[in-house]
Structures are given as C-alpha cells and as structure tokens.
Amino acid sequence: MKIVSYNVNGIKARLPRLLEYLAEESPDIVCLQELKSSDETFPEQDIRDAGYGALWHGQKAFNGVAILSRGSDPVERQRGLGGDPDDTHSRYLEADVDGLIVASIYLPNGNPVPGPKFDYKLNWFERLNERAATLLAEEREVVLAGDYNVIPNDDDVFSVKAMASDALMQPESRQAYRRLLAQGWTDSLRTRFPAGGIWTFWDYQAGAWQRDAGFRIDHLLLSPMAADRFGDAGVDKAYRGREKASDHAPTWVRLR
DNA sequence: ATGCCACGTTAGACGTGA
C-alpha cells in the first residue's frame with residue numbers, strides 16, 4: 001500500500017493537481033498539509049467523487065491538515081496535540097485507517113530565528129514527541145506523515161550555506177527531530193536513500209525548481225511494526241513541475 | 001541585506017510561508 005504526504009499549499013488552488021494525483025497514482029492513504037481552508041470550504045464532494053473518504057482539520061487562510069483513504073473512511077483518533085490549550089493552529093490530525101494509525105503533521109516553520117515563532121516551533125515539536133512516544137507504546141503499525149519543516153542532515157539540502165540561518169536547519173530543530181527518531185521511528189526516505197540528495201520541496205522563488213535547489217522536509221516515519229512492512233519510498237517529483245504546482249512534491253512510502 | 005513567488009483575504013496591501 002502506498003502512503004503519501006503532500007503539502008498542497010492551498011487545497012482550493014491545488015484541487016486539479018490533487019485530483020490528477022489521486023486518479024493517476026491511486027495512493028491508498030494521503031496526508032495533506034497547508035489546506036488554507038476552513039472546515040466549511042473543504043472540497044469534500046470532489047474528493048469523495050474521486051473514491052476517497054476524508055477527515056480534515058481546517059483553518060481559515062493558513063495551516064490545515066487532512067487524511068484521505070481510498071475506498072474507506074478514516075476514523076478520527078485525535079485532532080490537535082495536547083499540552084497547550086491556547087494553541088489554535090490546525091496542525092495535527094490522527095486517524096485509524098484500515099487498522100493502521102496515521103497522523104498528518106504540519107510542524108511550524110519557525111522563521112525568523114530567534115523569536116516567538118521559533119520558540120513556538122520547538123515547543124510544538126516537544127508536544128509532538130510526547131504524542132509520538134504514546135503512540136509507540138501502543139505497539140501498533142503507525143505512520144507519522146507530514147511537513148516537519150526540518151532539514152535533518154547537511155546532505156538533505158542543496159546548499160548548507162544558503163540555508164544556514166533558516167529555522168529549518170537550526171541545531172535545535174535537528175535535535176528535536178533526532179530525539180523523535182531515537183524513540184524508535186524509521187525515516188522512510190532516509191532508509192531508501194541513505195546518502196541523501198533527495199528533495200521534497202523547491203521554493204517558488206529565484207528559479208529554485210529550474211536549478212534543482214531543493215531540500216527534504218516532508219517525512220514519513222514508521223513505528224517498528226510498520227517498518228517491518230517497509231517496501232519502498234520515494235518522491236513523485238514530476239508533480240512539482242506541472243502547471244500551478246505546489247512548492248512541495250508528493251512524498252511516499254510503500255508498505256508490503 | 002533584501003526581494004524574488006505564491007496563496008488567501010478582500011479590494012489595497014498585508015500576513016504567511018520556507
């Protein structure tokens with residue numbers, strides 16, 4: 001089964017690309033981020049007509065996450081993370097999908113550094129890690145899929161120098177990601193491509209796509225039981241080159 | 001050092017992204 005993480009950068013603007021993707025690739029599960037849509041304007045019927053059940057956690061203008069499942073309805077387990085009752089951002093959604101636990105994650109960007117947005121990112125990351133530890137304790141097949149807004153290693157970015165001061169590759173961001181992995185999660189794409197050099201995002205600006213100036217920030221983490229079923233992982237890079245594309249490409253893992 | 005480009009909101013720029 002193919003499980004996808006796709007930051008669509010606005011589901012209204014990206015709906016033609018998303019429907020194409022569903023029709024052409026027939027992924028089994030799709031975790032979406034950056035819906036930029038309130039709950040009321042989520043295109044439920046279009047997605048249902050494409051053969052997918054959906055669960056979404058929207059927000060007006062920015063953030064927003066969803067989980068799509070081909071031929072079934074995801075069963076909600078949790079929306080939002082615990083640990084901060086004042087957090088109003090829609091960045092986390094967790095569901096049971098045909099026996100698999102799946103989370104769609106949109107971790108805060110955190111720029112500029114330093115500042116309150118970076119503090120929020122690190123705090124949110126700690127809350128995610130607490131949730132992840134709870135999920136591991138269930139000893140089930142779990143996939144944590146999303147835009148983590150973290151470049152894990154120097155070989156996950158086109159230019160270390162160009163991004164050195166960015167929140168995506170600050171030591172604190174990387175350490176939080178490493179602490180998450182150290183709980184026992186498997187980074188699918190890293191497992192498939194241990195030498196790095198694989199990008200999931202290319203900026204709209206400065207001809208980044210044409211220069212292949214990208215980096216890897218969309219990750220699918222597997223619990224030990226899910227990792228036992230690991231088959232393959234990759235990036236459907238061609239979708240980044242289409243008309244009216246998102247700045248992220250669909251990133252996927254295949255479980256046997 | 002800053003803007004580049006794109007989206008959403010909402011009718012002129014501005015907030016946000018990364």
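Note that the structure is predicted; figures quoted are calculated from it, not measured. Numbered from 1 within each chain, the chains take letters A, B, ... in sequence-line order.
- The aromatic rings of A/Tyr148 and A/Phe125 lie tilted to each other, with the angle between the two planes from 30° to 60°.
- Using C1' as the reference atom, B/dG17 and B/dG3 are 15 Å apart when rounded to the nearest Å.
- Spacing of P atoms, B/dG15 relative to B/dA11, comes out at 15 Å, to the nearest Å.
- Comparing the same atom, P, in B/dC7 and in B/dA18 gives a spacing of 14 Å after rounding to whole Å.
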*Going 5' to 3' along nucleotides 12-18 of chain B, which nucleotides have protein heavy atoms under 4.0 Å from the base (write B), which only from the sugar-phosphate (write S), and which from neither (write -)?*
----SSB
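- If you take atom P in B/dA1 and the same atom in B/dT10, they sit 35 Å apart, rounded to whole Å.
- For the 3.5 Å distance criterion, the side chains of A/Tyr52 and A/Asp28 fail to qualify, holding no donor opposite an acceptor.
- Distance CD (A/Glu243) to P (B/dA6): 11 Å, rounded to an integer number of Å.
- Among the protein residues, A/Ala13 comes within range of the sugar-phosphate backbone only, with heavy atoms under 4.0 Å from sugar or phosphate atoms but none that close to a base.
- A/Arg14 has no side-chain polar atom (N or O) that falls below the 4.0 Å cut-off from OP1 or OP2 of B/dA6.
- No engagement by A/Lys121 is indicated, since no non-hydrogen atom pair under 4.0 Å with the nucleic acid exists.
- Applying the under-4.5 Å side-chain rule to Ile, Leu, Val, Met, Phe, Trp and Tyr, the cluster around A/Tyr106 extends to A/Met1, A/Ile3, A/Ile29, A/Leu55, A/Val65, A/Ile67, A/Leu93, A/Val97, A/Leu100, A/Val102, A/Val143, A/Leu220, A/Leu222, A/Phe230, A/Val253, A/Leu255.
- Defined by atom type and a distance below 3.5 Å, a donor-acceptor pair is present between the side-chain atoms of A/Tyr92 and A/Glu94.
- Taking the centre and axis of the six-membered ring of A/Trp252, the NZ or CZ atom of A/Arg254 falls inside the cone set by 45° and 6.0 Å.
- Taking atom CH2 of A/Trp202 as the reference point, atom P of B/dA6 lies 16 Å away to the nearest angstrom.
- Applying the 6.0 Å contact sphere to CD of A/Gln210 captures more than 12 heavy atoms from other residues, nucleotides or ligands.
- Nucleotides B/dC14 and B/dC4 have their P atoms positioned 13 Å apart, rounded to a whole Å.
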